[in-house]
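Structure first, commentary second.
One-based numbering along the sequence shown. Below, each value reflects all heavy atoms present in this structure, side chains not excepted, and no hydrogens, waters or symmetry copies.
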Amino acid sequence: MGRLEMSQERRPAPPRAEMRSGAPSLQSQSKALAELSVALIVDLDSDGERLFRELQRLRCTVKHIWPIPPQLPESFDVVYCTLVEDLPRRIPWLPGEPASTFIIVDKGHEPLNLKLIHNCAAHGLIHFPVTPRSTTGSLAMAREHFLYEQRLRGRIEKLDENLRTMRTVERAKAILMRVKNITEEEAYNHLRNQAMERRVTIGAVANAIIDSHELLS
């Protein structure tokens, strides 16, 4: 009796990580970094020049600024700045409302001042000497942190706007209920119908009613 040869089916290779649904490709990530304008506020010694070259390698548009200005620029997508004691006082934007992605540059000459770093509220930190890997990784993470912060701020502003509209509608309903002697539901339906007829938001109708009532009071 001869041996039976069993053939094994070839299993398909697992999908590559970058091709999974929702995962950005390396090419798209590199393109996003290449479109950034960068202010590099460091001394151009050997370490500073290396960071400058690495950012150029990523095809960022880099502008070198030195010494550190009294106020950091706000017209760049990304600002790198050397960590100094008075850096928090040089930051022009309010905490939580940054104008640019902010990355602190630690020259590595002294122990890390964690309190100072916290007060800077930066999106990222990079240490000298830099490498291609650390430059790309820190920039990508800091940029994503900044964009996520922007999205959160947009949602908060939208929630605040909705809350103000709700309060305005409640005031307008109270005025209509008192002036027209109608129920709360009838007052709301009146606001909604007016908004639909005029093709405006219900908040705009409520504001108009409040303004008219205050003018005539």
L114 and H118: CA distance, side-chain angles, deciding distance, side chain to side chain contact (heavy atoms under 4.5 Å, CB included) verdict: CA-CA 6 Å; L114 297 181; H118 172 77; over 6 Å; no
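- Counting only heavy atoms from C-beta outward, the side chains of L139 and L55 approach each other to under 4.5 Å.
- Using a 4.5 Å heavy-atom threshold, the side chains of H213 and R178 count as touching.
- Placement of V105 and L116 in two distinct hydrophobic clusters is found when ILVMFWY residues are connected by side-chain heavy-atom separations under 4.5 Å, directly or transitively.
- One finds the CG atom of D106 at 6.5 Å from the CG atom of L83 (value rounded to the nearest 0.5 Å).
- By the 4.5 Å heavy-atom criterion applied to side chains, L191 and M196 are not counted as neighbours.
- Applying the salt bridge (Lys or Arg N to Asp or Glu O under 4.0 Å) criterion to E144, with sequence neighbours excluded, gives R151.
- With hydrogens and angles disregarded, a donor-acceptor distance shorter than 3.5 Å links the side chain of S138 to the backbone of T135.
- Residue A187 comes nearest to L176 through the heavy atom pair O-CD1, 3.8 Å, listed as atom of the first residue, atom of the second, then distance.
- By the criterion of side-chain heavy atoms lying less than 4.5 angstrom apart, applied directly or through intervening Ile, Leu, Val, Met, Phe, Trp or Tyr residues, I209 is grouped together with V200 in one hydrophobic cluster.
- To the nearest 0.5 Å, the span separating CD1 on I210 from CD on E214 amounts to 7.0 Å.
- Under 4.0 Å is where a charged nitrogen must lie from a carboxylate oxygen, and between D160 and R164 no such pair does.
- Counting only residues at least two apart or in different chains, salt bridge (charged side-chain N to carboxylate O under 4.0 Å, His left out) contacts with residues 186-210 are absent.
- For F102 and H123, the ring centers sit 6.0 Å or farther from each other.
- When the side chains of ILVMFWY residues are joined at heavy-atom separations under 4.5 Å, either directly or via intervening members, L125 and L147 end up in two distinct hydrophobic clusters.
- The CZ atom of R50 sits 10.0 Å away from atom CG of D45, with the distance rounded to the nearest 0.5 Å.
- To the nearest 0.5 Å, atoms OG1 (T168) and CD (E170) are separated by 10.0 Å.
- You'll find the side chain of D43 stays beyond 4.5 Å of the side chain of T82, heavy atoms only.
- Here the side chains of N113 and E85 are in contact, with some heavy-atom distance below 4.5 Å.
- Across all non-hydrogen atoms, the minimal contact from H145 to A122 is CE1-O, 4.3 Å.
- Taken together through direct or relayed side-chain contacts under 4.5 Å among Ile, Leu, Val, Met, Phe, Trp and Tyr, L36 and L58 form part of one hydrophobic cluster.
- By the criterion of side-chain heavy atoms lying less than 4.5 angstrom apart, applied directly or through intervening Ile, Leu, Val, Met, Phe, Trp or Tyr residues, L152 is not grouped with W93; the two fall into different hydrophobic clusters.
- The side-chain heavy atoms of K115 and N119, taken from C-beta on, include a pair separated by under 4.5 Å.
- Under the rule for a side chain to side chain contact (heavy atoms under 4.5 Å, CB included), the partners of R59 that lie at least two apart in sequence or sit in another chain are A34.
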Indicate every side-chain donor-acceptor pair of residues 62-81 with a distance under 3.5 Å to a residue at least two apart or in another chain.
from, atom 1, to, atom 2, distance (Å)
H64, NE2, V42, O, 2.6
D77, OD2, S37, N, 2.9
D77, OD2, S37, OG, 3.3

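- F146 contributes atom CZ, which lies 4.5 Å from atom OG1 of T101 (distance to the nearest 0.5 angstrom).
- Judged by distance alone, with hydrogens and angles left aside, the side-chain atoms of R153 form a donor-acceptor pair with the main-chain N or O of G96 at under 3.5 Å.
- In this structure, the separation between CD on E54 and CG on L40 is 12.0 Å, given to the nearest 0.5 Å.
- Looking at residues two or more places apart in sequence or on another chain, you find a salt bridge (Lys or Arg N to Asp or Glu O under 4.0 Å) between E184 and K173.
- Side-chain atoms of S134 and T131 include a donor-acceptor pair closer than 3.5 Å.
- With sequence neighbours excluded, the residues satisfying side chain to side chain contact (heavy atoms under 4.5 Å, CB included) with R167 are L163.
- In this structure, the side chain of D86 does not engage the main chain of R89 through any donor-acceptor pair within 3.5 Å.
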